Colleague: 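Take a look at this one; I'll ask things after.
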Amino acid sequence: MMDPQTLSTSRLLLRPWREEDYAGFARMNADPRVMEYFPDALSEAQSKGLADKLNAAINDAGWGLWALERQDNGAFIGFTGLNPFSDLPVDDGVEIGWRLDPDAWGFGFATEAARAALAFGFETLALNAIDSFTATINQRSIAVMQRLGMQNTGSNFFHPRVPEESPLREHVLYRITYDQWSASKK
């Protein structure tokens, strides 16, 4: 167990959640553009519950899906980080994930923050591999995975929490190993 960690890049802070993040998080989770590749948008109460859960994980483990803040203006723009998973029809592991406010799209923030999270996962947590998954039709997130050097495992799966009739049910699984990540740093 470690103290809650904060990561920084030249433009971003990945940090524990603050109460003042919740309103922006709720707006984001109600936005159909943000939630396009999720089964449902979230209510304000659901967003608060999720933020509380994400922050509790950071307080317990020292890491997780951190709140994402711009360093130039202090704006909360979403989350990025690492999250253990064990309830999917693929091998248990640690995923890297992100969700950003549409006003923050197109600036490379997701990739920049995810690179910091990958470095933390490999250098500090000594993980052997980090996964990422999304609906097969979510080309924006797949593009981020590819920019990170992640490889498609070819192990698509049906997400158990997505309704069977949904076009979002089939998910693609990407992975990067420590060796792949380390080689990309050279």
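Source: prediction; values computed, not measured. Sequential numbering from 1 along the given sequence is applied to the chain's residues.
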Colleague: With the side chain counted from C-beta on, respond yes when Phe76 and Leu68 share a heavy-atom pair under 4.5 Å apart, and no when they do not.
Modeller: no
Colleague: Taking NZ, NE, NH1 and NH2 as the nitrogens, is one of them in Glu95 or Arg175 under 4.0 Å from a carboxylate oxygen of the other?
Modeller: no
Colleague: Would you mind reporting whether Thr177 and Asn128 have side-chain heavy atoms less than 4.5 Å apart?
Modeller: no
Colleague: Are Phe109 and Arg11 close enough, and set up right, to give a side-chain contact (heavy atoms from CB on, under 4.5 Å), and what steps lead you there?
Modeller: CA-CA 8 Å; Phe109 292 141; Arg11 301 184 297 166; 3.4 Å; yes
Colleague: Please determine if Asp87 and Arg161 form a salt bridge, counting it only when a charged side-chain N lies under 4.0 Å from a carboxylate O.
Modeller: yes
Colleague: Does Asp103 come within less than 4.0 Å of Arg70, counting only side-chain N to carboxylate O?
Modeller: no
Colleague: Run the side-chain contact (heavy atoms from CB on, under 4.5 Å) check on Leu127 and Tyr178 step by step: do they pass?
Modeller: CA-CA 7 Å; Leu127 297 173; Tyr178 171 80; over 6 Å; no
Colleague: Do Phe25 and Trp17 have ring centres separated by under 6.0 Å?
Modeller: yes
Colleague: Hydrogens and angles aside, do Tyr22 and Glu44 bring a side-chain donor and acceptor to less than 3.5 Å of each other?
Modeller: no
Colleague: Below 4.0 angstrom, N of the basic side chain to O of the carboxylate: do Arg140 and Glu36 qualify?
Modeller: yes
Colleague: Is there a side-chain contact between Pro39 and Ser166 (heavy atoms, below 4.5 Å)?
Modeller: no
Colleague: Considering only heavy atoms from C-beta outward, does the side chain of Leu168 approach that of Phe38 to under 4.5 Å?
Modeller: no
Colleague: Quick one: do Arg27 and Asp31 make a salt bridge, cutoff under 4.0 Å?
Modeller: no
Colleague: Check the pair Val94, Asn83 against side-chain contact (heavy atoms from CB on, under 4.5 Å), reporting the backbone distance first and the verdict last.
Modeller: CA-CA 5 Å; Val94 173; Asn83 186 46; 6.0 Å; no
Colleague: Would the number of heavy atoms belonging to other residues, nucleotides or ligands and lying under 6.0 Å from CZ of Phe157 be above 12?
Modeller: yes
Colleague: Assess the residue pair Arg99 and Asn29 against the criterion (side-chain hydrogen bond (donor to acceptor under 3.5 Å, both in side chains)); give the C-alpha distance rounded to whole Å, side-chain angles, the decisive distance to 0.1 Å, and a yes or no.
Modeller: CA-CA 9 Å; Arg99 186 178 307 168; Asn29 290 327; 2.8 Å; yes
Colleague: Can you check whether Asp131 reaches Phe85 side chain to side chain, under 4.5 Å on heavy atoms?
Modeller: yes
Colleague: When you look at Thr111 and Trp98, which way does the side-chain contact (heavy atoms from CB on, under 4.5 Å) test go after all the steps?
Modeller: CA-CA 9 Å; Thr111 303; Trp98 47 85; over 6 Å; no
Colleague: Does any part of the side chain of Ile96, heavy atoms only, come nearer than 4.5 Å to the side chain of Met150, both counted from C-beta?
Modeller: yes
Colleague: So is Arg115 actually on top of Phe120's ring, under 6.0 Å and inside 45° of the axis?
Modeller: no
Colleague: Would you call Trp63 and Pro84 a side-chain contact if the rule is heavy atoms closer than 4.5 Å?
Modeller: yes
Colleague: With side chains defined as the heavy atoms from C-beta onward, is the minimum distance between Phe133 and Val172 less than 4.5 Å?
Modeller: no
